[in-house]
Every structure is written in structure tokens, then in C-alpha cells.
Amino acid sequence: MLKSKTFVKKTRSGGILKVVREHYLRDDIWCGSEVCGECRDESPVLQRDACMESSLCPSPHYLIPDTNVILHQIDILEDPLIKNVIFLQTVLQEVRHRSAPVYKRIRDAIHNADKHFYTFTNEHHRETFIEREPGESANDRNDRAIRVAARWYGQHLSRAAGGGELQVVLLTDDQDNKEKAEKNGILVYKCEEYVKSLIANPELVDRLALTSDQNEINSGKVLFLEHLPLSKIQAGIKSGIYLQGTFHASRDNYLEATVFVHGEAAERKEVLIQGLQSLNRALHQDVVAVELLSRECWVSPSEVVLQDDGGKDEDTGEEEVEDKNKSAEASILKPTGRVVGIIKRNWRPYCGLLSQSNIKEATRHLFTPDDRRIPRIRIETRQASNLVGHKIMVVIDGWPKNSRYPNGHFVKNLGDVGGKDTETEVILLEHDVPHLPFSQAVLSFLPKMPWGITEEDVKNRMDLRHLCVCSVDPPGCTDIDDALHFRELENKNFEVGVHIADVSHFIRPGNALDQEAANRGTTVYLCGKRIDMVPELLSSNLCSLRSDVERFAFSCIWEMNYSAEIIKTHFTKSVIKSKASLTYAEAQLRIDDTSLNDDITQSLRGLNRLAKILKAKRVEKGALSLSSPEVRFHMDSETHDPVDLHTKELMETNSMVEEFMLLANISVARKIYEEFSECALLRKHPSPPPSNYDILIKAAKSKGLLIHTDTAKALADSLNLAEIEGFPYFNTLLRILATRCMMQAVYFCSGMDSDFHHYGLASPIYTHFTSPIRRYSDIIVHRLLAVAIGADSTYPDLMDKHKQATLCNNLNYRHKMAQYAQRASVAFNTQLFFKSKGILNEDGFILFVRKNAIIILIPKYGLEGTVFFESKDKPSPHIAFSDEVQIKSCMYLPSKKKKKKKKKSHKY
Amino acid sequence: MATVQVSEAEKVYILHGVRDDLRVDGRGCEDYRHMDIETDVVSNTDGSAKVSLGYSDVLVGVKAEVGKPRPALPDQGYLEFFVDCSANATPEFEGRGGEELGLELSNTLYKVFSNKQSVDLHSLCISPGEHCWVLYVDVLLLQCDGNLFDAISIAIKAALFNTRIPKVHLSEDEEGGKEIELSDDPYDCVRLNVENVPCIVTLCKIGHRHVVDATLQEKACSVASLLIATTHRGTVTCVRKFGGGSLDPESIFEMIETGKRVGKALHTPLMELLKEEESLGKKRQKVGFLG
């Protein structure tokens, strides 16, 4: 049966369009129940004995939730207890329209066979489709469609043999809808009353999200100004009264935040927000509208480190320590504003700890998220005593204007605090790292084992199996994605080859494997754990360029002369057979051991010599060598506890490999940009704005040194010169500071940007080509290059610059998150390490001085921490603080006492 | 226009018939052939109608779009006409063959319909000088069997009657910038007042008499014809003469009188039919193009 669906919509250009779609109705959509004899469903999803013991509805029943129930109570629906739920198409469409993340979660739940969730396409069912009636709003129509479908189910199942007992329960929180449904003779409950009636799991009640009306009941005085409605905000932004930007809470001071205003580079600016009222319930990462205050009200960022200890649970509305640096010079005043409205919330589930209320029997508790930029959240739970000492996950439901804290609800217990698995899970969740095992769909695209290289494969590739190729990697590396070779040519020139694992041969564009890899973006290395971007079969076996096995490679081969000038560059797909996989140390030993003179060693020496020349050239051009306090752990092989740690050591061979990888990346970047000027995926590192260098210049000035930051070259030179007698670490400290001045390097699509420069490497063009096993960007670059040399065919998405730009955004995000996760993992392992050590004395350096605290770096452990001068039980030492003191940031502070988690300084 | 070859003897036969008020197909001089009207036949237009008159077959679709008012008439919307002579209608229209006729037809239609006496153009204005509705009236000739103007004009009137324009309102922000907002209820729409929309009556001078709704054969016997557009009150809104022959003033006067009479008689049953069809609502069996 054919119906047509007609609606009018407004186009972007302001025109009005009438859209007519054909809508086909069918009579072969099954109800999906095991009971039903009428529908010829081969594998019904809904069980015959749908037992969810509920005191409200003792007989077996199926649930039909409405849209708002799904949107708000997704956590409940995901609980294993809830089974046999019918999702109507109408509802799913609305959910999809209103919240993509919830939609994804519900889809995942539907795919889980244990849940017995069934999607009923009521919109295409002949008996449940309804047309919108005159005067009916879209919402009313959908509500009616839900009721019609629920009623149909009720009647349909009661007709089925043996289905007499089965009932259908409609869950809705909408009073009006509930009344209408009751009138139609449908069994209907509010979500809350139904969940409370469940006998099997009373804890589920904790996960109920507060619905909006409950959110508002909270009496008490109004703490915040009302948020403006979206229409007013939009009008305001258009006319320039308000600015739209992303809200970044400060890590150090919970009363301060910065809003990065969206817009073109020229008008991009930061707006400082200070004080609870001005922050107005915005949370980290929200998109907000801000209003600039008049110039007289501008302030400078405070120098205080403030943590929200909150003290009291209830909304006593403690007045915050408003310290307005009125005396501060006008020059350091920053544009200051206040948040007037929220354009888009970016809430996610937060991990953290429960701080139990002092009052016994209380059900309301505060939750402290791990992320310091997130305020504490008030949750309601009856199992607080069980949750104390556990990491838990909490979701925010709302933040009423009369509440000091946002309201949320408990979602999941992750495990004991400090447990390695728990904390790793927390790190992965907090950094949004996709870490679930690969799905069957993804795995189905892997090559079938046993896999071997066939004649056919070799025909289309350059056979380099005879060459003396070897790889140099860190110890314990199983995903070897690069290998090198070196040989002298007859004309006295050298041939150097960089061979990169040919991952794009195995991962074909567009399939599930490719999509998963594109979503993961990068492999994440945590201490003792690796979260792969591609399944292990590829990452550690088929793609990994291990020694003595034949592997596909993408090779970049140069002919170089004695002074490392490139004569010729050649790219090709190839087959190689690595002769040795060495570690950096092994390779170094071979180079240094004069008694060895085999092929591999000879090649390594040749490579090393060329690498040194290349590096010298690069440094000459102004490439920066920066430093960050990185540590590595020695893990106990049994317990996986860290037993020892040392800072990363750099050997000549590290830089040898790095040098050739850089060269390959640059060569490839040139090639793909030449071939595809619009859609080459490149990597750039913008030069930082001069103001970024302030901390570095001030720090150096405190020791009487001058740092030039005009160009990368000047910076590199002055960093090289900045040495102090008897203080060898000072230079490293400066380099650590310099690293913090830098901008993030990002991927971008060449058609969308004009500035390609890589500041840190002093290269006009750069990309990532050399690690396709662990970075998705490299896979794209491989594909581009393969098309450029005619080794592979192209596909539409590869040439679409907008799609590429979206991909780049995801890659940049994943990359950043992976870095943060890595750091967090190191930090956690450092703590584990100190757990067993007790109190230690170590040397530390002051990085920054704040009014009430100093920030300290202990280089031996790469540990950075805040040390407060005053604490509750101790009188504060008298400190004269002036702006200039801040500059003494690199003061040497010998023997600092250090406790395992909290650090306190006794002497200044 | 599509023509047929008629022999001398035939011509005489037709001429004599007309003289005696008895035409070849049995009609009187002021009778129309059998007419079929169906509205709402093309779902992706805002209003449409299909009219077949004898074997002449026309389809009219009305699309409403937001446009800028003409500078001279800032507070009015307007109508645009386009006539597509499909090669289906007659092989002569193949390629660019129908273009000239199409242009001539659309120019005439514009003269007849796009004025504020015929259609309430003020009601098409959204905001004076800035936005107005433009009604694009597309006429498709499916088959030509004479008297296209009359068939087209009836189809246009029916299509305009059927037209539903989405209701919009202007929202003004503080800056004075205006934005068109659309009602989210698809049933919320405006209808045109078609009371004054004229119908065209084409009169062919055959011998000393004139006939209404001439077939192609009759047309071949005529040297001149007069197009008269009249409203339901009998007001003549437009007169045009076609054909090479001359008409003496007296017969013009007579023809206009006939046109008014026939036109008046045409409007009343047409409106009744349209209203009746509409009252059937969704129960109506659609005939479409295959009926």
C-alpha cells in the first residue's frame, strides 16, 4: 500500500520547499514475539516468558518506552535486568534526531542478543501507521503513533494462542500521554514507578535520571541567573552582543574559566570568566554564549590555586574568595565576561569518587570527578556505603539555577580505587578511548589464515627480498611498522630505503575494519597495555615487518650522494624480507663494535653517518629540539606492577631512525601535495603567538638569560646557548617550558588551509607516512600515495576535502586524547610505584609560583605537583608575593620532602 | 498551432451546419464538448489540475516560491507562466517546435491572470519590498484537439483553487532583521480566493456565425477568432483577436456578448464541481493519468 508523506521545509537559502516522499506500508512486519502464531517470524526476539518481576505488573510483559524515557533513562534500559523491550521506529527516529550518542547506545543494546530488544517498524506497518491530522503537532502525532502501536501490540498478542497472559506496558513520563493511553485501555506506567516496582534489583532506582520537574523542585534561593533561550542567544550572537565559544574550565582554579570564541583567526580571542555567578553552570567543553563585561570590570587571571573542597554538602552558597586584582596593571587585564546561556552541553559520563554525606541514612551525596575541571555532582543513592572506596561513573542530569552543584545519577561501579584494572578503565573512559574488543563485523574483514604471499601479489610489486633490510625499534615492540636498508651503488652514490608496513593493502576503504580504524584513529600505549587501532592479527603479525618473514611494504627509496643530498626519490609497493629486528641498544652496540663487519652493521653505519648529516642540516634550518620529562617503567612480569623507572634515554640510533622517518614523511608530503593539491592529508605545526613565550622569557630572565623567540631558528639558538655553570638541568628545564609554549601539531586537509608550515621541524610541508599500524592518518596518506603512483585505485571519500577535514578533526581529537591518556597512565603508575616506597627525598625544581602555592617538577620521576603554602592545620608562612617573583620560577630547591600522594612543603 | 487538412466539401458541410446551429458532433454553437476536471493530481506541486476537453488534454501545476516583489509593485506577489508544449500532444512540437506557441500562450496567460483584478496579489505579499510569494504556473499540453485557451484557463482556475500555500510569519529580531518562519503544521496553509479568476472563452467566426469550443476541423474553416476572458459576473477582463481574417465591429460586439453569456454559464458549474470534489476529501478516488 502506498501513502505519500508530505511536508514543507525551509531551505538554507531561505526558500520554502515542499517535499513529497512515498511511504510504503506492508503487512509482513512481524511482532517479534515467540508467543505469536500469526506472524511468520523465523527467529522471534521477544521471549515467551518475559519475566521481569514487578509488583505493579506480576504477569509477563513487554515494555514499550516512549522517546523521553529512552533519552533520560538510557542507563536503566542498558541494565542487564531489563529485557524484552519493544522499540518503536517512531521512538527511535525521535531519539536519533535528538541525541546521537543515546541513539548509538540504544542501537548497541538492540544488537545485544541477550537483551531481547526488538525494533518494531510501526511506521511501515499497515495497521499502526497514522497520518498527521490537521491541527496536530508533530509531537502529538508521534505520541499518538506510539499509543496506536502499543494498542495494536496488546490486541495482537491477546489473540495469539497462549499469549493471554502477556501484556504490553507503555512507559511514559508525560502525564497527558499517560491519560490518553489509559483511556485507550493500554497498560501504562511512569518510568519511575515502574522501576521502583521491580523486585529483582532495587539498586536500579539509583540510576534513574531526575526528570526535569524533579530537577526544579529543589527549594532554596536562586544562585544563578536564568540561561537565555536559544532564540535570544542566536539573535544576540548575530548582532554581536554575545559571543559564542567553547568553555574551558581551569584546572587550577575552580572559579575561573576561559571561553575560546569561535570564528575566523582574526577575531579569535579568549574571554576570561571569573566567579561562580559568571560561570553560570557552564561545564568544561560546553558551547556557551558569553557577554563581555565593560572594560572597568576586566580582571587578570588570578594567581591562586583553588580547589573546590566544598566543605558543606548543602547549598550554603559559600561566598567565594573574590580576589580582584584591582591593583594589577591594565596591560595584564584580560577581556572578561559572563556566561549568559548554553548553546550545547557536552556532558559525558564522569568517573570519580563518592564523598559520602556526613549525615547517616542520607541518600544524597556529592561525587567528586577525577577531572578537576568538572564540578562536584550531587547524586542520590541508597548504596553509598558500598560505593565508598570505589571508582564510580556518574551522569549529569541537569543543573537547576538554585543548586550549588549539578544533579546527576549513578551509572556504574568500576571497581576499587587504586586497582590497576579499575584505574586503567577510568583512564580509557575519561579520555574517550574506544577500547572495546573488535566486533565480529570488523574481524570478518581480516585476511584468512594461514596467509601467504602469492605469485600474483609479487607480480604487481617490486621484489626487494634480496635487500639487506632491518628494523630498529624500542625493546618489546611487536608492531614494527618501519624498516630501513642501505647500500652503495656503482656510481658511488648511496641507496637508502625506508620500508613501511603496507597496511592499506589489508584495510580496504569503507569496510567495517576501515571505519573502526578511522574511528579509533590511533593506537594508545598505556603502561603495560596497548589499545590497538587495528586487530592484533594485523598489528603484530601480518603488517608487522618482523625479521625473516616476507611482508608487504610501501617503500620510499632515495638515491643520495655522499653529503646526503637527495638525487632521486622513488616510491613503490614492494615485498621485503627483513634480515633483523633490532632494538635501539642492539643497533647502537653493533655500530660501536668495531669487530663486527657484516652487512647489517655496515648498513647501520652508513645510515648513521647520513642521518647525522641530515640532522645537522635540519638544525641549521631551525628545527627545535625540545624536551619533556618522560619516564619509562620497568614492569614486573608477573604482577605487572612497576618495579623501577627511569627517564627515557636517547641514543644515536633513535635519532637515526627518526631522521629517515622525517625524510620519508617530507618526501611523501611533497609527492601527495603535488598530485592532489586539494585533498592531501598533511600535518602542520603552527608557530605559536608571541605571548605564548612569556613564561619562557620570564624564566630565563630570572637567571639573567635572554631568549629570542622571533623565529624558530633564533629560539633554537638561544636555547642552545642558555647554559648555567653548575646547573646542567637548567637547559632541560627551559626546553620543558618551551615545549609548553608550543601549539599542538594537527592534521589538516590541504584544500582547506593555506598555512602548511611545520614549526618544530622547520619544514614547509609535512605529513605522517611511517606508522600506518598505529595511526590512521598514515593509512590515508598511503592510499593517496598509492593512487599517485598508480598502484591502487581511488575512491570518492578520499578526494572529498570536506570528508577529509572531518576525518582530520577526529584524528586530531583522538591523538590528543591518546596523549592525555598516556600521561594519565604514567602518572598513575608513578603513584603505584611510590605506594611501596614510603617517604623519599628527591630534588625538585619550581616551575611556577602562584600566590598560595608553587608548582614543582621532580625530574627523576617526571612528576609535577602543586604544593600549597597553607593548609588547614598549619599556619601559613609569610610570603611576600609580587608579580616579579613568579619569574623566579627556576629556582633550585634542594631536598624536597615528598609523600606518596599528597605533597606538602615544609620549607620555602 | 496544430492544424488539420480539411477538404472544400467538408468545409462547406461544416459551414452549413454552423449556419443551422448544428455542428458536426451534434453540439449547438454555444455548447462545450465533454469536459473532465480533476484537481490535486501532482503531489509535489502546491496545487494542480488536469482538464480534458474533447481530446484536448492539459495539466497545470502551481508551485509557490518565496521571491522578491517587483520594484514597481512592492506590496504584491506575482504569477509566472510557462507553457510546455509536449511532443506527446502533436509531433509538430518535437524539438523546439512548440516553443513559439508556448511563448505566445504564456504571454497571453500572463496578461489575463497576473493582475490584481483576477487574483488577490496583495495576499501573496509577505513583507512589502522584501518577500512575496511567486506562483509559478506550469502548463503542460498533453494533447491538442483545439480550443487550448479555454481548457488551459479552466485548468488554471482549478489549480489555483487547489493551491495551498504554506503559512509563514515574519519574525523580527532586535536588529530589525526579518526572517521568514514556517509553521510546522503541514495542514496550516493559506488558500487563494479564486472568485475573480477569469475563464477564457474563445469564439471562432465561421461564416456569419461564431462558435464556442471549436474543434480543429471547425478551426480550419474559420478565418478569425476572438479570445474573451470573463469573470463569474460576466466582466470582460481581456479580449484578443487571433487569425488573419477581419471582423466587423458589429460581429465583435455580438461575439463579446456571447462570450460573456457563455463565460458566466461556465463559472457557476465549475465552482460547484470544484467544491464538491474538495468535500470528498480523502475518500475521493484518484483518477490520475491512467483513468
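Reminder, nothing fancy here: chain letters follow the sequence lines and each chain counts from 1.
Within a 6.0 Å sphere centred on CD of A:Gln175, heavy atoms belonging to other residues, nucleotides or ligands number more than 12. When the shell of 6.0 Å around CD of B:Glu94 is examined, it contains 12 or fewer heavy atoms from other residues, nucleotides or ligands. With a 6.0 Å radius and a threshold of 12 heavy atoms from other residues, nucleotides or ligands, A:His97 has its NE2 atom at or below the threshold. Counted within 6.0 Å of CD on B:Glu100, heavy atoms from surrounding residues, nucleotides or ligands total 12 or fewer; the atom is thus considered open. Within 6.0 Å of the CZ atom in A:Arg21, the count of heavy atoms belonging to other residues, nucleotides or ligands does not exceed 12. No more than 12 heavy atoms of other residues, nucleotides or ligands sit less than 6.0 Å from atom NZ of B:Lys116. Atom CZ of A:Arg96 has 12 or fewer neighbouring heavy atoms from other residues, nucleotides or ligands inside a 6.0 Å radius.
The contact list for residues 43-50 of chain B toward chain A, using heavy atoms and a distance under 4.5 Å, reads B:Ser43, B:Asn44, B:Thr45, B:Asp46 by residue number.
Neither the backbone nor the side chain of A:Gln234 comes within less than 4.5 Å of any heavy atom in chain B.
Here the straight-line distance linking atom CD1 of A:Ile16 with atom NZ of B:Lys63 works out to 12.0 Å at 0.5 Å rounding.
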